[in-house]
Amino acid sequence: MTIERYNPREAEPRWQQAWQQAGVFETPADDPRAPYYVLEMFPYPSGRIHMGHVRNYTMGDVVARFKRACGYNVMHPMGWDAFGLPAENAAKERDIHPGEWTYANIATMKAQLKAMGLSLDWTREFATCDVAYYTQQQSLFLDMLEDGLAYRRQSKVNWDPVDETVLANEQVIEGRGWRSGAPVETRELTQWFFRITAFAAELDAALDTLDGWPEKVRTMQRNWIGKSEGLHFEFGLVDAPEGFERLPIFTTRPDTMYGASFAAIAADHPLARKLAETNPEVAAFCETCRRTGTSQEAIDTAEKLGFDTGIRAAHPTDANWHLPLYIANFVLMDYGTGAIVGCPAHDQRDLDFALKYDLPVHDVFVPADTGERVSDTAFVPPKTQTVRYVRWAGEETVQTCRAAMDASLAKFEAAGWGRRQTQFRLRDWGISRQRYWGCPIPIVHCESCGVVPVPKADLPIKLPDDVTFDRPGNPLDHHPTWRHVACPQCGADARRETDTMDTFVDSSWYYARFVTPHETARPVDPQAATRWLPVTQYIGGIEHAILHLLYSRFFTRAMSRTGHMAVDEPFEGLFTQGMVVHETFSRARDGRDEWVSPEDVRIEDRGGERVAFLAETGEEIAIGSIEKMSKSKKNVIDPDDIIAGYGADTARFFMLSDSPPERDVIWSEAGVEGAHRFVQRVWRLVGGAAGNLSDVAPLAASEGDAGEISKAAHKTLKGVGEDFGRLGFNKAVARIYELVNVLAAPLQAVSDGTADAAMCGACREACEILIQMLAPMTPHLAETCWHALGRSDLVAEQPWPVFDETLVVDSTITLPVQINGKKRGELAVARGADHSHIEEAVLSLDVVRAALGDKPPRKVIVVPERIVNVVV
RNA sequence: GCCCCCGUGGCGGAAUUGGUAGACGCGCGCGACUCAAAAUCGCGUUCCGCAAGGAGUGCCGGUUCGACCCCGGCCGGGGGCACCA
């Protein structure tokens, strides 16, 4: 019997409509089943979806469909992270309003997502630029302000003096503005901050409870929060200006205090500012430091520079021991007290500085074995390693740094030279942005009343639509009327805050809003939010490991503290998926390399080597490195082309095959074709046999050929269920391939009418299992096959099948036999055979006898149901 | 510069987390079907070697009966670094 090819173009829209009509993916509020909240990081509406989105949303969809089948009340919403810089860039470049551009992109991308057949509850959709959403965000801001979690202070920004604009770090290229090319300056502005440091200790400690997160993400967050125990002390300053006689310092290495050779303060330290007032040289130096920019990377990689203030710092242990006091460009005002003590022997940065300024290097400890002294590489062993302390708070001793740090702290405290202190590296979160396309900060500045919060009754503060981008700077600032407003307190003329919020604020609570997306009276319904949160499984890119996830953890706490819900953590399970990358192609053009889109490239095989040609002209071009898909390198594959050509199921299946989901995946046309062949193969086999199976009752067999089929099906079912639970999609795919290989011949026999009743029953059951396992990954194909088997209901509504325990265990197992750790033979034994029986059988094997000769074995290691190793 | 991760055949990857390295897929080779091609099906495919056998998980060293897996040191690639999202 021949069968028509599976036609996804016809089948996919049909099933998508069927699901929608049945409302299978909508989450009822009053459902008694256990809730399961699956969420993928919502996209920025950049224009079109890319393969990274396809991968991310396919993974989430498999989880959602699988958990739904497992009996959970699944919530799987989608929305748009819609504020941000690109919309303003589009406005400038193409004279289109940011809102218009954004909503047009959303429409396009929504249609693309719909074509993927995702099991999303679209009734919950919103965009963060919707007035309804940012109104509630303004309300949250006011609550946080009232609670002391929002405040204003001075802080630095990158300033482009030519464009007269604040620049984002990514807009600063090698110290210059990306458009103007002018050297970037830093400016101090009064800006709004969220007091995330109020939760520093809690955010750190609670990491231990996040069992459902990858260890690497927890480690990154722990390092970012940077909790450290150390010594707080003060230097007495000699020849310092009045009021600066004491200099507070925090050091994490009290054990190295006797190796100090200088002290240094940040260019923004109050003392440095004081000195700059009267000393032009100091002022000039501080200005140089500020030009480095605001990014940590720029500060760390800049040449270490210092300026000797002439002031001397008296060591706390000995008032006569004076250290020079420098202003240094690598000291940060934001961390600790903005001042450090330098110990060159045991810190590379301090050593570089000491060598540059000819300062002494005192070894505090030396390697316990060699006793080697420091020359041009600082000696920084792990704190758990034992070393010989030669110059510290006690006798010469061999001990770990950890022990010496504890002992030093105790000694300093006892002597009254300082005290123990816990310090965090985490800084407060600056949220002010001098931009138009963001959530307005609901504040009014009044001459007489000062900073006045907008009363909640006056919300929302809407963005004005009539803005222009032909002038530099923030359009809200030079809008003719928007900023002028009466003071909510005294009624006098006042002006609005024109800064908008960092877009990270928008994405810090959207997961909570999805629970009750249409609430108008408040950000979230506290009871519903508390019931649905935390998100059961959150899926997104590893690039968000620190900022987005940490800000969300802070927001959950802030919202709980201000009474919006009672939730500790936003995301119970976290999965970070890898990127979709593609090879790049380029050709030389006018002496420069020009990127070529893969669509214009033809690949040929030349003696086993891949060679690329420009399809149109036949010109040979270069195959470049494999990189993250980006428009600038033209290595982008449009998902629409794949879906139009092969169907959504093929695209989905390919995204789940082969590469482990946490790792990057390389896009290749060959891989897509492989996935598509599989889709067709399943249809050919199941669809072909369906006619002879539609009247057969599914029945597992335990004996004979039919038994082999049922065993394979149930073993696969067990494995795939475990794989889906762990998001191990590539392994599930491999298992299903194996099962299909096993089913191929029997299904052909059913098709040919040569299969007996037992075989037909087993095949019918195996097909149903196969279809249900495929359903989360290739849902349209699954429905088509299901229907062909004579079922009139939807796979999407079927409960997950249960495997039969007796079919998944084998009665005999094959043990590999090693001699000295190398596999030399095999031994078939009954499951549960006892140790001595196995040992006896192994020793009588020919290979073992030959290896032993006439000597007895030194040792025989039997690992039950695993392996046997004979040591000779 | 700092923090985190990754490295296995021609390619994507698997290995029950210290127990048979290379499952499954792609590619390639051979064969079947076909007038022919496509599609499909079957067999083979880590490397060296005719073979017996030997080598082998980025490199060097260590622990162990046994190491892709644990430890130390290097090399290469990626992510993040607080205003890209």
Side-chain angles (χ1 to χ4, degrees), chain A residues 5 41 43-44 46 81 83-86 157-158 166-172 196 214-217 219-224 226 294-302 304 330 334 348-349 426-435 502-504 507 541-548 550-551 576 578-579 581 605 608-610 625-628 657-660 662-666 668 670-671 673-675 677-678 680-681 684 719 722 730-731 733-738 741 744-745 748 814-826 858-861 863 865-871:
Chain A
R5 279 174 71 80
M41 290 179 185
Y44 178 78
S46 55
D81 187 14
F83 274 136
L85 215 42
V157 294
N158 298 308
V166 175
L167 297 177
N169 280 337
E170 76 155 7
Q171 298 174 319
V172 179
I196 189 171
E215 192 53 49
K216 61 176 170 179
V217 176
T219 306
M220 281 188 263
Q221 293 221 347
R222 198 170 283 120
N223 291 339
W224 185 261
T294 60
S295 84
Q296 192 62 46
E297 189 191 358
I299 292 164
D300 283 345
T301 52
K304 308 288 168 285
F330 58 89
D334 291 311
Q348 190 60 46
R349 203 172 46 182
L426 183 68
R427 311 200 296 254
D428 276 337
W429 173 14
I431 59 154
S432 289
R433 298 292 180 271
Q434 295 69 41
R435 310 241 161 75
D502 178 6
T503 56
F504 270 125
S507 55
I542 183 67
E543 66 270 25
H544 295 294
I546 297 175
L547 295 179
H548 162 62
L550 192 61
Y551 291 151
T576 54
M579 296 181 300
V581 296
D605 187 84
E609 188 196 1
R610 293 173 72 247
S625 63
I626 293 167
E627 299 189 46
K628 176 176 166 173
S657 308
D658 294 350
S659 287
E662 67 276 10
R663 213 182 293 177
D664 291 349
V665 64
I666 299 171
S668 82
E673 276 163 18
R677 267 207 294 276
F678 175 76
Q680 292 295 347
R681 185 166 187 230
R684 208 164 43 243
E722 288 162 0
N730 58 323
K731 291 180 208 167
V733 167
R735 278 186 220 278
I736 289 174
Y737 268 116
E738 280 176 301
N741 287 341
Q748 190 58 51
T814 305
L815 282 182
V817 177
Q818 294 183 328
I819 293 166
N820 290 341
K822 291 253 175 206
K823 189 198 165 190
R824 284 298 128 98
E826 282 181 347
R858 278 233 328 257
K859 205 171 174 185
V860 180
I861 295 144
V863 184
E865 293 180 22
R866 276 287 152 77
I867 203 165
V868 181
N869 189 15
V870 182
V871 186

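Residue numbers begin at 1 in each chain, while the letters A, B, ... track the order of the sequences.
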Name the orientation of the base relative to the sugar in rG9(B): syn if the glycosidic angle is within 90° of 0, else anti. syn
Could you tell me whether rU63(B) is syn or anti, where syn means a glycosidic angle within 90 degrees of zero? anti
Would you say [X]'s side chain and [Y]'s backbone share a donor-acceptor pair under 3.5 angstrom?
{"X": "Q221(A)", "Y": "A545(A)", "result": "yes"}
{"X": "Q171(A)", "Y": "A168(A)", "result": "yes"}
{"X": "N869(A)", "Y": "I861(A)", "result": "no"}
{"X": "D428(A)", "Y": "I196(A)", "result": "yes"}
{"X": "K823(A)", "Y": "I819(A)", "result": "no"}

Go along nucleotides 3-9 of chain B 5' to 3' and tag each nucleotide: B for a protein heavy atom under 4.0 Å from its base, S when only backbone or sugar atoms are that close, - otherwise. SSS-S--
According to the Watson-Crick and G-U wobble definitions, with both distances under 3.5 Å, which nucleotide is paired to [N]?
{"N": "rC50(B)", "value": "none"}
{"N": "rA82(B)", "value": "none"}
{"N": "rG76(B)", "value": "rC6(B)"}
{"N": "rU40(B)", "value": "rA32(B)"}
{"N": "rU57(B)", "value": "none"}
{"N": "rA15(B)", "value": "none"}
{"N": "rU45(B)", "value": "rG27(B)"}

Rounding to the closest angstrom, what is the interatomic distance between [N] and [M] at atom [atom1]?
{"N": "rG7(B)", "M": "rG13(B)", "atom1": "C1'", "answer": "13 Å"}
{"N": "rG1(B)", "M": "rG54(B)", "atom1": "P", "answer": "45 Å"}
{"N": "rG73(B)", "M": "rG66(B)", "atom1": "C1'", "answer": "24 Å"}
{"N": "rG58(B)", "M": "rC6(B)", "atom1": "P", "answer": "13 Å"}
{"N": "rU63(B)", "M": "rG18(B)", "atom1": "C1'", "answer": "12 Å"}
{"N": "rA15(B)", "M": "rC75(B)", "atom1": "P", "answer": "30 Å"}
{"N": "rC28(B)", "M": "rA38(B)", "atom1": "P", "answer": "12 Å"}
{"N": "rG53(B)", "M": "rG61(B)", "atom1": "P", "answer": "28 Å"}

Which part of the nucleic acid, if any, lies within reach of [X] when heavy atoms closer than 4.0 Å are counted: base, sugar-phosphate only, or nothing?
{"X": "D334(A)", "result": "nothing"}
{"X": "G671(A)", "result": "nothing"}
{"X": "V166(A)", "result": "base"}
{"X": "G578(A)", "result": "nothing"}
{"X": "S295(A)", "result": "sugar-phosphate"}
{"X": "S432(A)", "result": "base"}
{"X": "L426(A)", "result": "base"}
{"X": "R735(A)", "result": "nothing"}
{"X": "V870(A)", "result": "nothing"}
{"X": "Q434(A)", "result": "base"}
{"X": "R349(A)", "result": "nothing"}
{"X": "E826(A)", "result": "base"}
{"X": "P660(A)", "result": "sugar-phosphate"}
{"X": "I861(A)", "result": "base"}

Using a cut-off of less than 4.0 Å, is there contact between a side-chain N or O of [X] and OP1 or OP2 of [N]?
{"X": "N820(A)", "N": "rG66(B)", "answer": "no"}
{"X": "N730(A)", "N": "rA14(B)", "answer": "yes"}
{"X": "K731(A)", "N": "rA15(B)", "answer": "yes"}
{"X": "S659(A)", "N": "rG12(B)", "answer": "no"}
{"X": "N741(A)", "N": "rG25(B)", "answer": "yes"}
{"X": "R677(A)", "N": "rG25(B)", "answer": "no"}

For residues [X] and [Y], report the shortest heavy-atom separation together with the two atoms involved.
{"X": "A675(A)", "Y": "Y737(A)", "result": "CA-OH, 4.5 Å"}
{"X": "M41(A)", "Y": "H548(A)", "result": "CE-CD2, 4.1 Å"}
{"X": "T503(A)", "Y": "F83(A)", "result": "CG2-O, 3.3 Å"}

Check the angle between the aromatic planes of Y551(A) and F504(A) and answer parallel, tilted or perpendicular using the 30° and 60° thresholds. perpendicular
Of the options [options], whose atoms approach the side-chain atoms of [X] most closely?
{"X": "E543(A)", "options": "rC83(B), rG78(B), rA85(B)", "result": "rA85(B)"}
{"X": "H544(A)", "options": "rG19(B), rA85(B), rC65(B)", "result": "rA85(B)"}
{"X": "N158(A)", "options": "rC83(B), rA14(B), rG1(B)", "result": "rC83(B)"}
{"X": "F504(A)", "options": "rA85(B), rA21(B), rC81(B)", "result": "rA85(B)"}
{"X": "N869(A)", "options": "rC24(B), rC84(B), rC65(B)", "result": "rC65(B)"}
{"X": "E738(A)", "options": "rC24(B), rA85(B), rG19(B)", "result": "rC24(B)"}
{"X": "Y737(A)", "options": "rC26(B), rC24(B), rG1(B)", "result": "rC24(B)"}
{"X": "W429(A)", "options": "rU40(B), rC83(B), rA21(B)", "result": "rC83(B)"}
{"X": "R433(A)", "options": "rC65(B), rC83(B), rG78(B)", "result": "rC83(B)"}
{"X": "Y551(A)", "options": "rG78(B), rA82(B), rG19(B)", "result": "rA82(B)"}

Set out, in order, the CA-CA distance, both residues' side-chain angles and the distance that settles side-chain hydrogen bond (donor to acceptor under 3.5 Å, both in side chains) for R858(A) and N820(A), then state yes or no. CA-CA 10 Å; R858(A) 278 233 328 257; N820(A) 290 341; over 6 Å; no
Between T301(A) and G84(A), which is nearer to the 5' end of RNA chain B once each is assigned its nearest nucleotide? T301(A)
Both R858(A) and A734(A) contact RNA chain B. Taking the nearest nucleotide for each, which residue is further toward the 5' end? A734(A)
For the residue pair N730(A) / R735(A), report whether a side-chain donor-acceptor contact shorter than 3.5 Å exists. no
Does S432(A) have any side chain to side chain contact (heavy atoms under 4.5 Å, CB included) partners at least two apart in sequence or in another chain, and if so, which? Q191(A), W192(A), Q434(A), I441(A), D499(A)
